[in-house]
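Just follow the structure's listing: the first ligand is 1, and inside any ligand the first atom is 1. For this chain, numbers begin at 1 and follow the sequence in order.
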Amino acid sequence: MIRVHVPATTANLGPGFDCLGMALKLYNIVEMEEISAGLAVEIHGDGAADIPRDESNIVYQAAHSVFKEVAYQPSGLRIKLTNQIPVCRGLGSSAAAIVGGLIAANKLSGSKLTNDKLLELAVRVEGHPDNVAPALLGGITVSTAVEGEVQYMKITPPAGMKTVVAVPDFQLSTKLAREVLPSQVSLNDAVFNVGRAALLVTALCQGDLSKLCYAMEDRLHQNYRASLVPGMKKVLAAARLVGAKGVVLSGAGPTLIAFADKNFELIAKVMRDTFRENGVMAKVMVLEPSPIGATAMEVVS
Ligand code: HSE
């Protein structure tokens with residue numbers, strides 16, 4: 001049996017819409033083995049009540065794309081999912097499912113595909129690379145499609161930097177969160193984001209968190225999504241007041257994520273309390289960046 005641990009991810013990091021992401025130390029486990037016939041899907045943990053157990057399951061779909069690519073036909077498949085990553089909250093649950101399915105299926109079928117090929121398949125399913133790249137590769141990733149191929153670079157997260165996530169008790173689909181975005185933006189806003197994203201990448205490479213308060217600002221997506229996350233602007237402001245270096249919407253939301261090097265518990269409390277004052281119950285967690293991405297091992301069952 002193949003067992004894959006896949007990290008949660010936070011995408012965008014503010015200005016890096018669809019291109020920046022970071023892996024977090026919170027993991028889903030995907031287990032896969034070939035059986036004599038049929039498909040058996042077992043799900044534990046987050047989303048167990050809602051995630052489909054038939055061929056529409058996203059882990060199965062990802063696995064199927066690998067089998068198709070390498071012309072391997074398993075006689076049947078057993079998939080067991082143990083989920084810690086909250087579903088549809090902006091912490092990369094679908095990226096984890098896709099990457100877990102791809103890696104498990106690749107190992108099951110003789111490890112014929114490279115990481116670059118798996119990334120290409122993952123982006124084909126997910127549509128953008130900013131969650132799947134760090135889920136696969138770990139650390140902080142810059143990734144972008146160039147003539148149909150994903151070009152990426154990895155940054156080691158600054159020492160001592162941790163995140164605080166405030167995860168609201170409601171789901172927000174990425175599809176809906178993308179529908180509220182404009183199809184065109186002004187040159188001013190584009191320039192604003194290019195400057196911030198470049199500053200952010202440099203600050204992260206140099207481990208200088210003092211720049212994050214400006215470098216994590218965004219004008220391409222976050223404000224448009226504020227109406228989908230009650231209390232968002234107040235929670236962001238409150239986290240900054242108690243020492244968060246940068247605080248943003250995680251991916252398409254609704255989770256908010258603060259980056260800091262101290263005061264983690266205080267930031268968590270303030271984010272949870274401010275959400276509650278705005279009618280939203282939120283679960284808070286202090287999560288370290290995961291310097292490594294998904295890992296696979298063969299387990300004797
Ligand atoms: N970059 C994407 C978005 C991440 O913000 O819509 C969501 O998966």
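- Between His5 and Tyr27, the angle of the ring planes goes over 60°, which puts this pair in the perpendicular group of the 30/60° scheme.
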N/O contact list for ligand 1, threshold under 3.5 Å:
unit_1: ligand 1; atom_1: 1 (N); unit_2: Asn12; atom_2: OD1; d: 2.9
unit_1: ligand 1; atom_1: 1 (N); unit_2: Asp18; atom_2: OD1; d: 2.5
unit_1: ligand 1; atom_1: 1 (N); unit_2: Asp130; atom_2: OD2; d: 2.6
unit_1: ligand 1; atom_1: 5 (O); unit_2: Asn12; atom_2: ND2; d: 2.8
unit_1: ligand 1; atom_1: 5 (O); unit_2: Arg225; atom_2: NH1; d: 2.9
unit_1: ligand 1; atom_1: 5 (O); unit_2: Arg225; atom_2: NH2; d: 3.4
unit_1: ligand 1; atom_1: 6 (O); unit_2: Arg178; atom_2: NH1; d: 2.6
unit_1: ligand 1; atom_1: 6 (O); unit_2: Arg225; atom_2: NH2; d: 2.8
unit_1: ligand 1; atom_1: 8 (O); unit_2: Asn131; atom_2: OD1; d: 3.1

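- Side-chain contact, Asp54 with Ser56: a donor N or O sits under 3.5 Å from an acceptor N or O.
- Classification of Glu179 and Lys175 as a salt-bridged pair holds, one side-chain N sitting under 4.0 Å from a carboxylate O.
- Under the side-chain hydrogen bond (donor to acceptor under 3.5 Å, both in side chains) criterion, Ser36 pairs with no residue, sequence neighbours left out.
- Here Tyr152 pairs with nothing under the ring-ring contact (aromatic ring centres under 6.0 Å, His included) rule; sequence neighbours left out.
- Sorted by first and then second residue, the salt bridge (Lys or Arg N to Asp or Glu O under 4.0 Å) pairs involving residues 190-210 (not counting sequence neighbours) are Arg196-Glu217.
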